[in-house]
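Throughout, a chain's letter reflects where its sequence line sits, starting with A, and its residues are numbered from 1. Just so it is clear, the structure is predicted and the values come from calculations on it, not from any experiment. Computed from heavy atoms alone, side chains included, the values below leave out hydrogens, waters and symmetry copies.
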Protein chains: 2
Amino acid sequence: MTQDLKQKQSRTQSLPKAQTGPGRPRGFDEAEALGQALQVFWKQGYEATSIDDLTAAMRLSRSSFYSAFSSKQDVFVAALRAYSENALGTLEQLAQGEREEALEAMVLALSGASDGPKGCMLVNCITELAPHNEQVAEIGRQHLERIEDLFARVLSPQDPGAANSTASALSALAIGILTLRKSGVSAHRIEQALSTARTLFTT
Amino acid sequence: MTQDLKQKQSRTQSLPKAQTGPGRPRGFDEAEALGQALQVFWKQGYEATSIDDLTAAMRLSRSSFYSAFSSKQDVFVAALRAYSENALGTLEQLAQGEREEALEAMVLALSGASDGPKGCMLVNCITELAPHNEQVAEIGRQHLERIEDLFARVLSPQDPGAANSTASALSALAIGILTLRKSGVSAHRIEQALSTARTLFTT
DNA sequence: TTGATATTGGACTAATCAGTTCATTTTTCA
DNA sequence: TGAAAAATGAACTGATTAGTCCAATATCAA
């Protein structure tokens, strides 16, 4: 069996190395490189992505890759965290809008209306890796919980706690729709599920 | 990059070989062996499963494996089809019950209440492989459509067409809950989503 | 310019991958 | 019993994997 994404229990996060003295400066931007890595992981999944895939996308040599990061999974977790922050930021922006428009936009975004066939990276990762890797599961859990909380706040700004059940259902529904989309279920069926989702928050 | 599950366009299905004459009979049951293979693919996913994993689980030598099946993906597709039939059979049984009890049981089964952390195999496969493999996407699509049709028939036996939207939403919701479960979201949040699911079919 | 330090590309390792080949064993039918 | 046929185990192929190492190069401060 291909070894599971190893569970480094509390491995140092790939902090940018302290610039201790003189020397050639890094010829690439770490965040940007992580962004490229993210795209590859997103498209192919963890197991199906090789270091060569990563270095090609990041335009890094193998040695630069390994001097900047400690392993494939290190890059993966860093990219996943960045993705989570970014995706939540987008959702928070959508949540600013008027109640029903905001909810509709959030559900659409979450259900992958614009991500093409790749689907939400975090959902992919949960499905592929969470059962075998607590670190990924934890990132996924936090991501999902923040999404639910966001839904609850938009649903019922005065008393978010009252909307918890609907919030849980809306995130589950959006994630489920994303899976339907990925298998290529007809647009008509997707629209049906979305219309029922709307009934959950239409007053 | 690890090669994607190749797309053999219309490869012969691994039919049991015609018993043409004398010779040592097969020492294993093909369906049973496929069942063992299924367990491994289910637990580990396609990419993370090696031929050694499969032969160990199926208790077959490498050569028996390759004389009975043509490739890893051949076994995979056969196992996936068997899984789909089996899962749909279970759901159809649950669908026999009284309306609300049937719907509740179906949602629970689909959302992985008893599959442990492995989740529904077909949902896993859709997430991992469907975007790159039309054969898997097709199996997933058919599976999901049959589930929706089943929901529609239970929701509204006289006029299943009228319940299409709710049926789509229920399957999406169940699948989404399954993903929540996989990331280890709290039982409380799962129950919240389930309770909202119930409101979709409680008269 | 020089010494120190960092990045870089390419070659390398050892393990693992999917799949093949073949000589041997086991079983069946005649 | 003997020949045909199928199953089997083990060794093998060539490709690919994640990760290491090092000599060459680039860039800094002084």
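- Partner of A:Leu80 under the side-chain contact (heavy atoms from CB on, under 4.5 Å) criterion, chosen from A:Leu38, A:Val75, A:Leu122: A:Leu122.
- For A:Asp53 and D:dT16, the CG to P distance is 12 Å, given to the nearest whole Å.
- Scanning atom types as modelled, no donor and acceptor separated by under 3.5 angstrom connect the side chain of A:Arg62 and the base of C:dG9.
- B:Ser64 has a side-chain polar atom (N or O) that falls below the 4.0 Å cut-off from OP1 or OP2 of D:dT8.
- The distance between atom CD of A:Gln73 and atom C1' of D:dG19, rounded to the nearest whole Å, is 13 Å.
- Taking only side-chain atoms of A:Lys72, from C-beta outward, the nucleotide of D:dG19, D:dT8, C:dA18 with the closest atom is D:dG19.
- One finds no salt bridge joining B:Glu104 and B:Arg99 here, because no Lys/Arg side-chain nitrogen approaches an Asp/Glu carboxylate oxygen to under 4.0 Å.
- Between B:Asp52 atom CG and C:dT20 atom C1' there is a gap of 14 Å when expressed in whole angstrom units.
- Between the CG atom of B:Leu60 and the C1' atom of C:dA18 there is a distance of 16 Å, rounded to whole Å.
- Between the C1' atom of C:dT7 and the CZ atom of A:Phe69 lies a distance of 14 Å, rounded to the nearest Å.
- Between A:Glu30 and A:Arg26 there is a salt bridge, with a side-chain nitrogen of the basic residue lying less than 4.0 Å from a carboxylate oxygen of the acidic one.
- Cation-pi geometry between A:Lys72 and A:Phe41 is not met at under 6.0 angstrom from the ring centre and within 45 degrees of the axis.
- Counting any heavy atom pair closer than 4.0 Å across all strands shown, A:Phe65 reaches no nucleic acid atom.
- For B:Ile51, the listed nucleotide lying nearest its side chain is C:dA18; candidates were C:dA18, C:dC22, C:dT7.
- Between the C1' atom of C:dT7 and the CZ atom of A:Arg59 lies a distance of 18 Å, rounded to the nearest Å.
- Side chain of A:Ser61, nearest nucleotide from C:dT27, C:dG9, D:dA18: C:dG9.
- A salt bridge between A:Asp115 and A:Arg181 is absent, with no side-chain N of the basic residue lying under 4.0 Å from a carboxylate O of the acidic one.
- Distances from the side chain of B:Ser50 to the nucleotides C:dT8, C:dC17, C:dT27 place C:dC17 closest.
- Out of C:dA18, C:dG10, D:dA7, the shortest distance to the side chain of A:Ser63 is found at C:dG10.
- As rounded to whole Å, 15 Å separates atom C1' of C:dT26 from atom CZ of B:Phe28.
- For the pair A:Asp74 CG and D:dG19 C1', the interatomic distance rounds to 13 Å; values are reported in whole Å.
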